[in-house]
Amino acid sequence: MTIPFSNPDRPNSYIGKTVPRPNAAKLVQGRGRYVDDIVLPRMLHVAFSRSPVAHAKIGEIDLDEAKAVKGVLRVFTGKDLTEVCTPWVAVLAHLKGLKSPPEHALAVDRACWVGEPVVAVVATTRAAAEEAASVVMVDYEDLPVVTETMTALDKDTPVIHPELGDNLAFRRLHEEGDVDAAFESAHKVVSASFRTARHTGVTLEPRSILVDWNPAEGQMTAYHATQAPHMMQTVLAKHLDIPESRVRVICGDVGGSYGIKVHVYPDEVATAAIAKVMGRPVKFIADRLESYTTDIHARDHEIEARIAVDADGKILAMDVDDWTGIGPYSVYPRTSAIEGNQVVNLCGGPYDFANYRAQTTVVFQNKTPTCQYRAVGHPIAVAITEGLVDMAAAAIGMDPVEIRRRNMYADDAYPVTSPAKMKFEGLSHHASMDKLIEMMDYDSLRADQAEARKQGKYRGIGIASFIELTNPSPFMYGIGGARISAQDGCTVRMDPDGSVVALSGVTEQGQGTEAMLSQVVAEGVGVKPSNVRVITGDTQVTPYGGGTWASRGAGIGGEAALQAARALRDSILEVAAAMLQAEASKLDIRDGQVVDADTGEERMPLEELGRIVYFRGDTLPKDLPRELVQTRHFITMEYPFAFTNGVQASYLEVDTDTGVVTLLKHWCVEDCGRVINPQLVDEQIRGGIVQGLGGALYEEIHYDEDGQLLNGSMADYLVPMAAEMPDMQVAHVETPTKESELGAKGAGEAGTAGAPAAVMNAINDALRPLGAQVTEMPFTPERILRALGKIDD
Amino acid sequence: MTEMFRDKIDVSLTVNGEPVEARVPAGQHMIDFLRLELGLTGAHVSCEHGVCGACTIRVDGDAVRGCLMLAAQADGAEVWTVEGLTDTNAISDLQDAFVARNALQCGFCTPGMLVAAEELLSKGDVPSRAEIREHLSGNYCRCTGYEAIIDAVESVAQGRAGKGKT
Ligand code: FES
Ligand code: FES
């Protein structure tokens, strides 16, 4: 039986409705339990002495003063930890040529970036551990520092890891069609350089881990703010030499992740190693400076790109040369080549054209390692693509909406394969654009813009179409050899009181996973969502799964939950049929009652069925299956990724005297397939947009030429705050994926993917009459004034 | 840590309406005192720099950064945290509105955000959206994009004003 989603009045119709989040009430009451809220008996605290220089040989280490601090119990150097913890190398077989040296939990001979952990101090209080860490004395013998991306491969640039031969981590060239011929014969060619700044996630809750080793049981328990508990279980087991079955990772409330908390961090592995050595619980909570210097960075790209169009605005070819610097190590185990790889995969995404060349060059440097952060590669690819499309439109005098309409894949063209060789099952670029134009009232906005200009105000409209990669299959990591599950599972059971418990391998980071699961299971079984208790984030309890990343929670975890719930429904009905002497196919479950499917007449409440099964099983036929528990797993098979699409628009005003951009309004139409909970999806989009707006206008990590990070505080690295952010109007087109019954694709990254490009195009739309253009993010007042020629030193 | 910071100071204050007497290290921040000594983990620590607002608590009627105040300064103070405001139903309409509007995702900013919002609402008039945004501009939220928070606070302001009239 399939669910008639088109009928909103069907019984148990919770999928598609806004239902309350079961975990929201506790969070507003301050009853959340984040890692730092947990206190265990005999718990210790670890703090790290970190490299103050970007590249140095580690000489003499003097620990006397640190050991003398009251409360300090033990101090560990890199060498100490090599005895209990093996190093890792972050490469993947399918990213051909990717190389990276072994990385240790604490630096052993050499420190390679400012912030790399070198010595760990364990004390009875965090204050004592931090104080002692600050008096650890290390002789750092300076080595040459590499900071620039574009010169990292030059002959006279020092090689950071001599054993690797050069500073090239990864390079990939993709070529389709005859790009050079297309450019030669084109009506118009437009070129531009783009720059996206180094960002970091700035999760409000810093990275946090508390590890307890119980030698009596040979069991490690890690309370970890993570997105991928099972992946961490595997990693800790492997590098600390513990059987995988004896590592339990518990992920309770997490204070924001956005990709920051899906990676393996040396200081967190060191914390686990130390807990194992000391046989006591050890807690590590990063402080804000540590967050800036050691949370992964991302988006540090420099790009040269060009586009060729014919006289009708049809795109003939795109050519993209992308460079990114990833720090001294590829990050384990997802690697730091994925972002550049995504740029190659995603440029030109919405458009039907033939000739495409893109190359990404990924180099080592002495800065904080970069890795996957919300919307991995998308904001870069969308800025390149949509920036070029707008420039091409301006060059041939065409409206930016019109040029997109002429090039986007037709809504009935699917399935198609893009020139980047991405397979699209079903997208809705035109329907989404139509909806956006209507929602924002494009024509009157243009009129308003013209009116404002008469008054000397420079307002701009920016449009950005995009595709987004969600629901990844093993093609993302598994085929490369990483033990990162693309499959996810859900166990659903009915307890004697007729309530339902769902245990899922996907995790809650605030996006509403548990609400989504509760409503999917409620509909699948036939109970109220409030009668479904959801349990996530415990490797000892939930089915094995990948966790929460790449917008997979609803599409993959949700489908597993739906299938498990439907199977439980069948099990319940089989028992009910025996008890009621009816045919299972003539019965249904609605609102916690077994009913006649045709008439809706109530036959038996689930708690009565539960009472009989659990306490009076003697009254049931001997051979009747009575397992009121079912598990299902789901994995996508037909497409490597479920692509989604959308389009955003920004309306803003540029003050041409101060260079300040004021965001007036923002719109987004996106298609994540079946919307399970409209409110949660909309708020994912809004939160994502604002994260993208931060990248467009404020966020940039600065380094000096010695590799010193210059703005490691929230006062210096600006993030979006309430006063500057616009209201956002969000709408949807729904093209469900046919790979699953639920039909859901991911929604968590679409906002971040498109917002920076929309803002860039809006600023350039505003500045075009003045002959100015910006392509280097963030678009600070200074950069805008430079573009206007008002500063030129 | 210098000797001065090792000094202990006696404080006597009320926290969430209950009397508290303690000997605190001179250098201990109020937020650490609440979280570590009293087990009040509702307010959070994030920037420890006075910038993010995660540690916002109410001290003598004002919304205050718990990371910028020393516990030693709280002698004689009346302190409220989200736990006490919850137990006394002082902000239940605001909490309900946050849940209904999904004005929280990970919830890490929420206890501080609620205290800051209540400070504005307690002035009694109905603030404009721009005023709400301005008042909350010291409270960082990475998850929501703020709009839902503004909506929730606005609806409570309107709700309370409506009730005042009848
Ligand atoms: S922790 Fe106090 S303001 Fe950030
Ligand atoms: S809800 Fe996560 S920081 Fe605000």
Side-chain angles (χ1 to χ4, degrees), chain A residues 18 20-21 23-34 36-37 39 69-70 125 127-128 131 201-206 253-258 285 287-288 509-512 679-680 682-691 693 713-715 719-728 751, chain B residues 1 5-6 25 27-28 32 35-36 39-52 54 81-83 85-87 91 94-96 98-111 114 129-130 132-150:
Chain A
T18 293
R21 285 169 57 196
N23 48 355
K26 79 172 179 195
L27 298 177
V28 296
Q29 295 182 16
R31 289 177 186 275
R33 194 165 181 256
Y34 305 88
D36 197 23
D37 300 339
V39 175
V69 173
K70 196 171 146 210
T125 65
E131 186 191 345
V202 199
T203 59
L204 194 58
E205 177 202 36
D253 292 317
V254 178
S257 299
Y258 331 109
I285 310 290
D287 70 20
R288 193 47 60 184
Q509 321 279 315
Q511 64 280 70
Q679 185 187 54
L680 294 184
D682 284 0
E683 295 317 313
Q684 278 299 298
I685 300 290
R686 288 197 173 93
I689 288 171
V690 166
Q691 214 155 2
L693 296 176
S713 85
M714 289 186 65
V719 286
M721 301 300 274
E724 291 80 32
M725 288 300 109
D727 281 340
M728 295 158 271
Chain B
M1 208 184 281
F5 282 95
R6 286 222 182 82
Q28 184 169 51
D32 291 334
R35 290 179 53 85
L36 301 175
L40 293 166
T41 54
H44 299 125
V45 180
S46 178
C47 72
E48 298 174 86
H49 216 74
V51 185
C52 75
T81 68
V82 69
E83 288 91 340
L85 296 172
T86 302
D87 291 348
I91 54 167
L94 190 55
Q95 290 167 315
D96 291 347
F98 265 57
V99 172
R101 184 58 190 82
N102 198 40
L104 67 150
Q105 290 183 25
C106 77
F108 206 78
C109 68
T110 312
L114 290 167
R129 289 179 75 79
I132 299 170
R133 284 187 179 275
E134 199 54 47
H135 187 83
L136 296 179
S137 67
N139 286 72
Y140 170 58
C141 175
R142 187 57 133 180
C143 296
T144 63
Y146 301 107
E147 186 170 338
I149 296 173
I150 310 305

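Quick note on labels: first sequence line is chain A, next is B, and so on, each numbered from 1. Hydrogens, waters and symmetry mates play no part in the numbers below; they use all other heavy atoms, side chains included. Here the structure is a predicted model, which is why all the values come from computation and not from measurement.
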Is it the side chain or the backbone of [X] that comes within 4.5 Å of chain A heavy atoms, both, or neither?
| X | answer |
| --- | --- |
| B:R101 | both |
| B:R142 | both |
| B:L104 | both |
| B:S137 | both |
| B:T110 | side chain |
| B:A43 | neither |
| B:Q95 | both |
| B:Y146 | side chain |
| B:D96 | neither |

Where does [X] contact chain B at under 4.5 Å (heavy atoms): side chain, backbone, both or neither?
| X | answer |
| --- | --- |
| A:R21 | side chain |
| A:V202 | both |
| A:D287 | both |
| A:I689 | neither |
| A:Q684 | both |
| A:R31 | side chain |
| A:D36 | both |
| A:P720 | both |
| A:D727 | both |

Less than 3.5 Å apart, any donor N or O on the side chain of B:S46 or A:R288 sitting next to an acceptor on the other?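 Present: a donor and an acceptor within the cut-off.
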Nearest 0.5 Å, please: how far is CG in B:L85 from CD in A:Q29?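 One gets 11.5 Å once the value is rounded to the nearest 0.5 Å.
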So how far is it from A:M725 CE to B:I149 CD1, rounded to the nearest 0.5 Å?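 One finds 13.0 Å between CE of A:M725 and CD1 of B:I149.
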Partner chain B: residue of [options] with the largest heavy-atom pair count (under 4.5 Å):
| options | answer |
| --- | --- |
| A:A25, A:P206, A:P20, A:G201 | A:G201 |
| A:M728, A:Q509, A:Q511 | A:M728 |
| A:A722, A:G30, A:G510 | A:A722 |
| A:D682, A:V28, A:L27 | A:V28 |

Do you know which of B:G145, B:G42, B:C106 has the most heavy-atom pairs with chain A at a distance under 4.5 angstrom?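 Maximum pair count with chain A is reached by B:C106.
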Most heavy-atom pairs under 4.5 angstrom with chain A, which of B:H49, B:E83, B:R35?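 Greatest number of close heavy-atom pairs with chain A: B:R35.
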Could you check B:C52 against A:L204 for side chain to side chain contact (heavy atoms under 4.5 Å, CB included), going step by step and ending with a plain yes or no? CA-CA 8 Å; B:C52 75; A:L204 194 58; 3.9 Å; yes
Heavy-atom check, side chain of B:L136 versus side chain of B:I150, under 4.5 Å: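 Answer yes - side chains close enough.
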Looking only at heavy atoms, what is the nearest atom pair of B:Q105 and A:E683, with distance?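 Taking every non-hydrogen atom into account, NE2-O, 3.1 Å.
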Parallel, tilted or perpendicular: ring planes of B:H44 versus A:Y34, cut at 30 and 60 degrees: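 Correct class here is perpendicular.
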